[in-house]
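Everything on this sheet refers to the single structure shown next.
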Amino acid sequence: MVKTLVFGASLNPSRYSNLAIHRLVENNHETMAFGVKEGTVSEVQIKTKLDDFQNVDTITLYLNPARQKEYYQDILDLKPKRVIFNPGTENPEFVKILEEHGIMAENSCTLVLLATGQY
């Protein structure tokens, strides 16, 4: 099972990060969430502090590149095996940094990966 952190999670049901939480839970992936507002989505608590997360396998990003910059070091410190850049979050600068630290970076869509059994 892949332990996944939804980074940029939203309580708004029309947001893709919210849908990703639902789909990850439905597919029996251990799911955690980080966002700017605390709350619960599909029984997953969205936390606003990153020091609550450990042993993260995958981070699925839902932050645009401009907002990602302030979290570069935080994400590196979590030492994930991979980071998924969902559509609209693609960031060549951060991909290079991740790869220099031995972290796999993938421009993909978490929802598509889950729907096609490739997650």
Side-chain angles (χ1 to χ4, degrees):
M1 181 184 335
V2 177
K3 189 173 183 180
T4 301
L5 173 59
V6 177
F7 204 102
S10 174
L11 295 169
N12 183 339
S14 69
R15 304 295 294 193
Y16 287 115
S17 63
N18 186 290
L19 186 56
I21 294 169
H22 286 287
R23 295 290 183 268
L24 286 160
V25 170
E26 289 168 10
N27 283 275
N28 299 313
H29 290 285
E30 187 174 348
T31 306
M32 303 170 294
F34 169 78
V36 295
K37 293 182 184 174
E38 289 185 359
T40 303
V41 175
S42 197
E43 298 186 26
V44 174
Q45 183 182 0
I46 298 175
K47 298 183 179 184
T48 58
K49 295 186 179 171
L50 286 167
D51 50 346
D52 292 332
F53 304 109
Q54 297 175 22
N55 304 316
V56 176
D57 181 86
T58 297
I59 292 176
T60 182
L61 277 178
Y62 288 94
L63 286 179
N64 70 51
R67 295 208 44 230
Q68 290 170 24
K69 202 172 204 82
E70 68 183 280
Y71 296 106
Y72 283 6
Q73 191 58 53
D74 294 315
I75 290 172
L76 291 172
D77 290 345
L78 288 169
K79 298 182 174 129
K81 292 179 182 157
R82 75 174 169 167
V83 174
I84 298 172
F85 290 83
N86 287 280
T89 68
E90 298 90 345
N91 183 344
E93 175 186 75
F94 194 27
V95 166
K96 183 178 179 195
I97 293 167
L98 291 167
E99 290 175 345
E100 287 171 354
H101 286 84
I103 299 168
M104 185 176 86
E106 183 177 341
N107 287 326
S108 195
C109 176
T110 296
L111 298 173
V112 171
L113 292 173
L114 288 165
T116 58
Q118 299 177 68
Y119 194 80

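- T89 OG1 to L63 CG: the interatomic distance, rounded to the nearest 0.5 Å, is 8.5 Å.
- Atoms CE and OG1, from M32 and T4 in turn, are 7.5 Å apart once rounded to the nearest 0.5 Å.
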Atom pairs and distances, side-chain donor-acceptor, residues 41-53, under 3.5 Å, sequence neighbours left out:
unit_1 : atom_1 : unit_2 : atom_2 : d
T48    : OG1    : E38    : OE2    : 3.4

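- Tracing side-chain contacts under 4.5 Å through hydrophobic residues (I, L, V, M, F, W, Y), one reaches V56 starting from Y71; they form part of the same cluster.
- Between atom CG of residue L76 and atom CZ of residue F94 there is a gap of 5.5 Å, rounded to the nearest 0.5 Å.
- Considering CD1 of I59 and CG of L78, their distance stands at 5.0 Å, rounded to 0.5 Å.
- Between Y72 and N91, the closest side-chain pair of non-hydrogen atoms falls below 4.5 Å.
- Contact detail for P65 and E90: the closest heavy-atom pair is CG-O, 3.1 Å.
- Transitive grouping of hydrophobic side chains (ILVMFWY, heavy atoms separated by less than 4.5 Å) keeps Y62 and L5 in distinct clusters.
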Show the numbers, then the answer: is there a side-chain contact (heavy atoms from CB on, under 4.5 Å) between I84 and Y119? CA-CA 10 Å; I84 298 172; Y119 194 80; 3.7 Å; yes

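- Residues L11 and V25 share a hydrophobic cluster, clusters being chains of Ile/Leu/Val/Met/Phe/Trp/Tyr side chains in contact below 4.5 Å.
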Can you give each donor-acceptor pair under 3.5 Å made by side-chain atoms of residues 98-112, sequence neighbours left out, with the distance rounded to 0.1 Å?
unit_1 : atom_1 : unit_2 : atom_2 : d
H101   : ND1    : I97    : O      : 2.9
E106   : OE1    : R82    : NH1    : 3.3
T110   : OG1    : T60    : OG1    : 2.5
T110   : OG1    : N86    : OD1    : 3.3

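- When atom types are taken as modelled, the side chain of T31 and the backbone of H29 share a donor-acceptor pair closer than 3.5 angstrom.
- Considering every non-hydrogen atom in both A9 and A33, the closest pair reads CB-CB, 3.7 Å.
- Put simply, the side chain of F7 does not reach to within 4.5 Å of the side chain of V83, judged on heavy atoms.
- The side-chain heavy atoms of Q68 and E93, taken from C-beta on, include no pair separated by under 4.5 Å.
- For the atom pair NZ of K3 and CG of L24, the computed distance is 14.0 Å after rounding to the nearest 0.5 Å.
- Two residues are said to be in side-chain contact when any heavy atoms from C-beta on lie closer than 4.5 Å; R67 and V36 meet this criterion.
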